[in-house]
Amino acid sequence: MSAPPTGRIGIIGGSGLYDLPGLTDTRWVAVDTPWGAPSDELFFGRLGEVELVFLPRHGRGHRVPPSEVNYRANIAALKQMGCTDVLSLSAVGGLRADLPPGTFVVVDQFIDRTFAREKSFFGTGLVAHVSMAKPVCHRLGRHVLAQLAAQEVPHADGGTYLAMEGPQFSTLAESQMYRSWNCDVIGMTNMPEAKLAREAELCYASVAMVTDFDCWHPGHDSVTVDAIIGVLLGNAAQARQLVSGLVAQLHADTQAPACGCRSALDHALITAPSARSPEMIHRLQGIAGRVLQAQG
Ligand SMILES: CSC[C@H]1O[C@H](OP(=O)(O)O)[C@H](O)[C@@H]1O
Ligand SMILES: Nc1ncnc2[nH]cnc12
């Protein structure tokens, strides 16, 4: 089997974003990974010369809850299919009065409060510790911000995303605590997705689309799914325009091949080569083959 092309752009669509209209040469393709199946088939298509791969995070029809999304399979599938850049689109609650519904936040930090998910491709037999100090790709984030400015979408440059386990929304005490921690938005999915993208040496950026004020705002009702979907339907055209504008910018980005995200594993593997499990080495070829081969 020939290797897939590289330089494809991956898009992970969150709640309310289950397809990506407007592409050419489209097809849904089932992809398997050493970590199992992703949330759905992958949707391949082109925008001009650029190849895109879209994956609905919860599957078409929103079948998979946040705790049961196979984040490892989703990221591994995009990597296997030759994606180098991944844009995550998500619905979030706003934890600040100046981030009302309709605002797009280009996330730059996370607090991970999830506890029931597989969070690493690595493990016994091949241990790795990547840096998450700067958890998103700065270069990709700049392109996203330029595109949002061009679209004149209300947006914020940076924000801390609190990742909760769910599926229930937060209690008032939790929501107030996250605000006291200076978190800006809250959602249930960007962790461990961002951690796994880093381990897979993908350039990853997250656009958090504010759909509600969670439950802390005295002047607004507590969040409901209906309210979220209502806001998302209003945002969908802007989200799709963001994707097409971003693709054009990435196509022209000559800095991309040298981006530091793509060498995140250079100093991360700690298991001595002689102590590495052959099964793990085999399983991790699609994720860490670059460094495993270099280290013999
Ligand atoms: C639809 S209500 C809550 C649901 O929406 C967000 O998902 P995503 O990040 O995939 O847009 C949130 O994290 C919850 O999973
Ligand atoms: N308030 C909220 N809490 C968690 N996830 C969300 N997704 C959208 N709004 C949310």
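Keep in mind that the numbers below use all heavy atoms, side chains included, and drop hydrogens, waters and symmetry copies. Numbering of ligands and ligand atoms starts at 1, following listing order.
Note that CD1 of Ile12 is 8.5 Å distant from CG of Leu87, once rounded to the nearest 0.5 Å. Atom CG of Asp214 is separated from atom CE of Met164 by 7.5 Å, given to the nearest 0.5 angstrom. In this structure, the separation between NZ on Lys119 and CG on Leu196 is 10.0 Å, given to the nearest 0.5 Å.
Scanning all protein heavy atoms for the shortest distance to atom 15 (O) of ligand 1 gives Pro66 CG, 3.4 Å. Considering only non-hydrogen protein atoms, atom 3 (C) of ligand 1 sits nearest to Phe169 CE2, 4.1 Å. Taking atom 9 (N) of ligand 2 as the reference point, the nearest protein heavy-atom neighbour is Asp212 OD2, 2.7 Å. From the protein, the heavy atom lying nearest to atom 7 (N) of ligand 2 is Ala91 O, 3.3 Å. In this structure, the protein non-hydrogen atom closest to atom 14 (C) of ligand 1 is Met188 SD, 3.7 Å. Of all protein heavy atoms, the one lying nearest to atom 6 (C) of ligand 2 is Ile186 O, 3.7 Å. Of all protein heavy atoms, the one closest to atom 3 (N) of ligand 2 is Phe169 CD2, 3.5 Å. Among protein heavy atoms, the minimum distance from atom 9 (O) of ligand 1 is reached at Thr189 OG1, 2.6 Å. Looking only at heavy atoms of the protein, atom 5 (N) of ligand 2 is closest to Gly187 CA, 3.5 Å.
Which parts of ligand 2 touch Met188 is read off a 4.0 Å heavy-atom cut-off, strictly below it: atoms 4 (C), 5 (N). The atoms of ligand 1 that sit less than 4.0 Å from any heavy atom of Gly14 are 8 (P), 10 (O), 11 (O). Listed by number with element, the atoms of ligand 1 under 4.0 Å from a non-hydrogen atom of Ser90 are 9 (O), 11 (O). Of all atoms in ligand 2, numbered sequentially from 1 with element shown, those under 4.0 Å from a heavy atom of Thr211 are 8 (C), 9 (N). In summary, the atoms of ligand 2 found under 4.0 Å from a heavy atom of Asp214, numbered by their order in the structure, are 1 (N), 2 (C), 3 (N). Every atom of ligand 2 with a heavy atom of Ile228 under 4.0 Å away is listed here by number and element: 8 (C), 9 (N).
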- Message: Evaluate Val243 against Leu52 for side-chain contact (heavy atoms from CB on, under 4.5 Å), listing each step before the verdict.
- Response: CA-CA 10 Å; Val243 170; Leu52 268 76; 3.8 Å; yes

- Task: Decide yes or no on side-chain contact (heavy atoms from CB on, under 4.5 Å) for Asn190 and Tyr204, but give the supporting numbers first.
- Result: CA-CA 11 Å; Asn190 278 201; Tyr204 175 91; 3.9 Å; yes

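Lys195 and Asp112 are joined by a salt bridge, as a carboxylate oxygen and a charged side-chain nitrogen come within less than 4.0 angstrom of each other. Using a cutoff of 4.0 Å between basic side-chain nitrogens and carboxylate oxygens, Asp85 and Arg262 are scored as salt-bridged. Using a 4.0 Å cut-off between charged side-chain N and carboxylate O, Arg113 and Glu165 make no salt bridge. Note on Arg57 versus Asp40: no salt bridge recorded, every NZ/NE/NH1/NH2 to OD/OE distance being 4.0 Å or above. Electrostatic pairing of Asp157 and Arg142 counts as a salt bridge here, judged by a charged N lying under 4.0 Å from a carboxylate O.
When heavy-atom distances to ligand 1 are checked against a 4.0 Å cut-off, Arg57 comes that close only through its side chain, counted from C-beta outward. If you look at Ala91 next to ligand 1, the close heavy atoms, those under 4.0 Å, come from the backbone and the side chain alike. With a heavy-atom cut-off of 4.0 Å, Ile228 touches ligand 1 through its side chain alone.
Looking at Gly166, Ser15, Gly187, it is Ser15 that brings a heavy atom closest to atom 1 (C) of ligand 1.
Considering backbone and side-chain atoms alike, Gly93 places an N or O below 3.5 Å from some N or O of ligand 2. For ligand 1, the polar-atom distance check finds an N/O of His58 within less than 3.5 Å of one of the ligand's N/O atoms. Close N/O approach between Tyr161 and ligand 1 is not found [any backbone or side-chain N/O within under 3.5 Å].
Cation-pi geometry between Arg60 and Trp28 is satisfied (NZ or CZ under 6.0 Å from the ring centre, within 45° of the ring normal).
Taking the six-membered ring where the residue is Trp, the centroids of Phe104 and His155 are separated by 6.0 Å or more.
Ring geometry for Phe213 against His217 counts as tilted: the plane angle lies between 30° and 60°, on a 0 to 90° scale.
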